[in-house]
Structure formats: C-alpha cells, structure tokens
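Here's the structure we're looking at; comments come further down.
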Amino acid sequence: MLRKQLIALLTLTALTAAAAGCGGSEESPGNTGGSGSTTDKVKVGVIPIVDVAPIYLGKEQGFFAKRNIELTMEQAQGGAAIVPAVVSGQYQFGFSNVVSLMLAQSKNVPIKAVANGNNATGDPKKDFGMLVVKDPAIKTAKDLEGKTVATNTLKNIVDTSVKQIVRQAGGDPAKVKFVEVPFPDMAAALDANRVQAMFVVEPFLASALAKGWTTIGAFADVDPGLCISAYFTSTQLIQTKGDLVTRFTEAMKESLAYADANPDRVRQAVTTYTTIKTDAAAKMTLPKFSADVNTASVEKLNGLIVTEGLLTAPADLSKLLP
C-alpha cells in the first residue's frame with residue numbers, strides 16, 4: 001500500500017511540474033521563461049540596408065540565442081510599413097526610422113522604442129546616407145527647387161532630412177517634389193532621369209558614387225550625431241512579455257557594440273542579406289552603431305517635423321523613447 005501511495009505522489013508531482021513548464025494560467029504577465037529552457041520565437045521586421053547589420057551579427061554571434069530567443073528577420077521597404085505589422089503582432093519587434101515612429105506615437109499608435117538603431121557618422125562629407133545627384137549643374141541642395149528627389153518612403157527621416165538640407169542651403173523645401181522609390185531601385189531612377197536626386201544609404205551609396213555621381217548633403221548635415229533609427233515593439237508585448245522585451249533589448253545592445261567594434265564583420269554581414277558583393281561592401285561608409293539613443297538629435301527631429309507640418313505639436317518622446 002505504501003509503495004502504491006508513493007508512486008501516486010510522484011506521478012502527481014511530475015504532472016504538476018509539467019503543467020507549470022507549459023506556461024499555464026498561473027504564469028505571471030511578462031514571464032516568458034527567460035531564465036529557463038523555454039525559447040521564444042521572434043520575428044523582426046527590417047529593411048535590407050547597412051543599418052540593420054548589427055541584428056544579423058547578433059544572431060550570428062549567438063547574442064539572442066543565449067537569451068533564449070530564436071530570431072527571424074523579415075524584410076520590408078521601409079519603417080512606415082513595419083509599424084503596423086508590429087502593432088498587429090505579425091512581428092514582435094521592428095526596425096524603423098525615428099520620424100515614422102514619432103508620427104505613429106503622435107497618433108497614439110501603441111508602440112515604444114526599445115533599442116537604438118544607428119546614427120550619422122558625424123562627418124557631412126563622409127556619411128552612410130547622402131543626397132546624390134548626377135547632373136553637374138546641380139551644385140547645392142538649393143538647386144533642387146523645382147526638381148524631383150527619390151525617398152524610400154514619404155514622411156520619414158529621409159525626406160525630412162532632405163528638406164532641412166535644402167533649407168540650410170538657402171532653398172525652399174516646399175518647391176522640391178518627392179517620390180517613393182525603394183533604395184535598391186533609386187540608382188536606376190536617377191540614371192533614367194526619372195528623378196534628379198536621390199537620398200540613398202549604404203550599401204547602395206557606394207555603388208552610386210562609383211558611377212562618378214556627387215553628393216550635396218548628408219544625414220550629418222542635419223545633426224552630427226543624428227539618431228536615424230530604432231528597434232521598437234508594441235506596448236502590448238511590453239505588458240504581456242516584459243521579460244522577452246528586456247532580453248531582446250540586452251541582445252541588441254550587445255549586437256550594436258559588437259558591430260561598432262568590428263567594421264569588417266559589418267561589411268561581410270551586409271553581403272548575406274542584400275545583393276551587394278564583397279568588393280562593393282568594402283567601399284561602404286558605415287554608420288555609427290551606438291548602444292544608446294541620441295535623445296538630443298531626436299528632439300531636434302521632433303521640432304523639424306512640426307516645422308514641415310507633419311505634426312501640429314511635437315510627439316511625446318517620454319512615451320516613445322526607451
């Protein structure tokens with residue numbers, strides 16, 4: 001009898017432990033098993049540009065795996081398209097330019113930045129994102145009045161930066177027309193004279209400069225340490241899986257630090273998720289990969305989007321920035 005009772009007790013204990021391990025109704029909000037063996041499958045919406053090299057390197061180096069995150073990246077044309085995908089739960093995290101994030105926040109879209117993306121180099125003559133022209137008659141950004149400029153998406157950090165560059169050159173941004181062209185297609189559009197200028201980022205910038213085209217502005221003209229982008233998530237995920245968000249943020253910071261310290265690995269990584277070849281990647285100008293958000297530059301952008309009429313009042317950065 002004693003033996004039967006002991007077997008029954010052990011069986012009950014095993015069943016209770018199994019139920020707990022499956023995350024039953026007793027699991028507290030935000031507990032995703034980060035300290036145990038449970039692995040979270042995470043999809044991140046990204047853009048196939050140099051900016052996102054750190055997250056690819058972080059996956060390669062195991063920074064996410066050691067925090068029990070099984071990472072998958074899915075590519076999109078721009079941050080504006082990634083925002084709704086994160087809110088809907090299609091992606092758990094996303095990568096977007098900060099202007100798109102501020103516009104979303106101003107409309108009470110339930111998102112919050114969790115990690116920095118990348119920054120301008122600090123050198124307007126050698127940046128990873130620049131305003132490029134083919135026509136030698138266009139010597140300054142002021143000459144873009146009455147002309148068409150390619151931007152990857154409208155109402156984002158690219159066209160906002162171009163407008164500020166035009167303004168700083170003494171021109172009227174309202175006289176410049178913008179059209180949406182994906183980064184990989186911009187050079188063809190400029191070559192065919194469908195646009196007269198393009199604001200393009202690496203790895204496509206190096207290819208454009210190899211054609212002998214010239215630059216008349218850069219992200220660094222707007223602010224030397226301009227915060228270009230950030231990784232973000234939905235407020236719902238923060239509320240329900242806070243531990244996962246914490247682990248993702250820690251992994252991203254480690255990935256950013258690794259990328260900033262290993263430029264050759266960044267160049268190699270870009271060839272794995274874009275069509276850029278090794279020789280072209282070697283010529284790229286890399287952004288600054290800081291582990292922390294440059295808040296002052298985001299505040300500057302916040303003012304610019306009000307100046308441009310994208311917002312009637314500044315976005316609430318206290319609700320957006322980490």
Side-chain angles (χ1 to χ4, degrees), residues 44-55 73-87 91 93-107 109 111-121 127-131 149-165 178 180-184 186 198-205 217-223 225-233 252 256 286-290 292-308 310-311 314-315 317 320-322:
V44 184
V46 297
I47 311 169
I49 51 179
V50 69
D51 309 45
V52 299
I55 195 169
M73 273 74 78
E74 294 194 4
Q75 296 183 353
Q77 180 174 331
I82 294 174
V83 170
V86 170
V87 174
Y91 306 142
F93 298 89
F95 171 90
S96 177
N97 72 88
V98 293
V99 169
S100 291
L101 293 180
M102 287 190 285
L103 293 178
Q105 190 284 317
S106 70
K107 297 175 182 176
V109 176
I111 57 171
K112 186 175 180 65
V114 296
N116 191 47
N118 63 320
N119 301 77
T121 63
D127 209 348
F128 80 99
M130 303 192 78
L131 184 56
V149 180
T151 176
N152 66 318
T153 59
L154 296 173
K155 299 180 179 180
N156 73 351
I157 195 167
V158 170
D159 58 358
T160 298
S161 295
V162 172
K163 290 174 183 177
Q164 178 64 3
I165 292 167
F178 292 89
E180 287 191 358
V181 182
F183 284 128
M186 284 186 181
M198 62 179 185
F199 194 102
V200 68
V201 300
E202 297 289 15
F204 310 105
L205 174 60
F219 276 136
D221 281 310
V222 180
D223 188 280
L226 188 66
C227 176
I228 310 299
S229 59
Y231 291 88
F232 68 100
T233 191
M252 268 315 314
L256 288 161
L286 301 182
K288 175 69 177 175
F289 295 115
S290 173
D292 299 310
V293 175
N294 186 322
T295 304
S297 72
V298 179
E299 290 172 346
K300 185 173 185 178
L301 281 172
N302 205 7
L304 287 177
I305 58 179
V306 173
T307 299
E308 298 299 341
L310 298 181
L311 292 179
L317 297 184
L320 177 65
L321 298 184

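The chain is numbered in sequence order, starting from 1.
Here the straight-line distance linking atom OG of Ser229 with atom CG of Asn116 works out to 6.5 Å at 0.5 Å rounding. Atom CG of Asn118 is separated from atom CG of Asp51 by 4.0 Å, given to the nearest 0.5 angstrom. Expressed to the nearest 0.5 Å, how far NZ of Lys163 lies from CZ of Phe178 amounts to 5.5 Å. In this structure, CG on Asn97 lies 9.0 Å from CD1 on Ile228, to the nearest 0.5 angstrom. With values rounded to the nearest 0.5 angstrom, Ile47 atom CD1 is found 10.0 Å from Gln75 atom CD. To the nearest 0.5 angstrom, Asn119 atom CG is 9.0 Å from Leu256 atom CG.
Partners of Thr153 under the side chain to side chain donor-acceptor pair (under 3.5 Å) rule, at least two apart in sequence or in another chain, are Asn156. With sequence neighbours excluded, the residues satisfying side chain to side chain donor-acceptor pair (under 3.5 Å) with Thr121 are Asp127. Among residues two or more places apart in sequence or in another chain, the ring-ring contact (aromatic ring centres under 6.0 Å, His included) test is passed with Phe289 by none. Contacts of Lys300 classified as side-chain contact (heavy atoms from CB on, under 4.5 Å), with partners at least two apart in sequence or in another chain: Asp223. Annotation: salt bridge (Lys or Arg N to Asp or Glu O under 4.0 Å) contacts of Lys288 (sequence neighbours excluded): Asp260. For Glu74, the salt bridge (Lys or Arg N to Asp or Glu O under 4.0 Å) partners are Lys43, not counting sequence neighbours. Among residues two or more places apart in sequence or in another chain, the side-chain contact (heavy atoms from CB on, under 4.5 Å) test is passed with Val306 by Leu311, Pro314. For Glu299, the side-chain contact (heavy atoms from CB on, under 4.5 Å) partners two or more places apart in sequence, or in a different chain, are Thr295, Leu317. The side chain to side chain donor-acceptor pair (under 3.5 Å) check on Asp159 picks up nothing, with sequence neighbours excluded. The ring-ring contact (aromatic ring centres under 6.0 Å, His included) test applied to Phe183 returns no partner, not counting sequence neighbours. Here Phe204 pairs with nothing under the ring-ring contact (aromatic ring centres under 6.0 Å, His included) rule; sequence neighbours left out. Remark: Gln164 pairs with Arg167, Gln168 by the side chain to side chain donor-acceptor pair (under 3.5 Å) rule, at least two apart or across chains.
Closest approach of Ala104 and Val83 over heavy atoms only: CB-CG1, 4.1 Å. The minimum heavy-atom distance linking Val44 with Ile55 is given by the pair CG1-CD1, 3.9 Å. Shortest non-hydrogen contact noted between Ser106 and Leu103 is OG-O, 2.6 Å. Summarising the geometry of Pro48 relative to Pro203, their closest heavy-atom pair is O-CD, 4.5 Å, with the distance given to 0.1 Å. Scanning both residues, Val201 and Gly129, for their nearest heavy atoms gives CG1-CA, 3.9 Å. Considering all non-hydrogen atoms of both residues, Ala230 and Ala113 come closest at CB-CB, 4.1 Å.
Among the candidates Ile305, Ile157, Leu310, the single residue satisfying the side-chain contact (heavy atoms from CB on, under 4.5 Å) test with Met102 is Ile305.
In this structure, the side chain of Lys112 engages the main chain of Leu321 through a donor-acceptor pair within 3.5 Å. Put simply, the side chain of Asn302 gets close to the backbone of Ala315: a donor and an acceptor are under 3.5 Å apart.
Contact annotation: the side chain of Asn294 never approaches that of Leu226 to less than 4.5 Å [non-hydrogen atoms, C-beta and beyond].
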Trace of the side-chain contact (heavy atoms from CB on, under 4.5 Å) decision for Leu131 with Val149
CA-CA 9 Å; Leu131 184 56; Val149 180; 4.1 Å; yes
Take Val98 and Val293, measure what side-chain contact (heavy atoms from CB on, under 4.5 Å) needs, and give me the verdict at the end.
CA-CA 10 Å; Val98 293; Val293 175; over 6 Å; no
Apply the test side-chain contact (heavy atoms from CB on, under 4.5 Å) to residues Tyr231 and Val52: give CA-CA distance (whole Å), side-chain angles for both, the deciding distance (0.1 Å), then the verdict.
CA-CA 10 Å; Tyr231 291 88; Val52 299; 3.9 Å; yes
Is there a side-chain contact (heavy atoms from CB on, under 4.5 Å) between Ser96 and Val86 once you walk through the steps?
CA-CA 11 Å; Ser96 177; Val86 170; over 6 Å; no
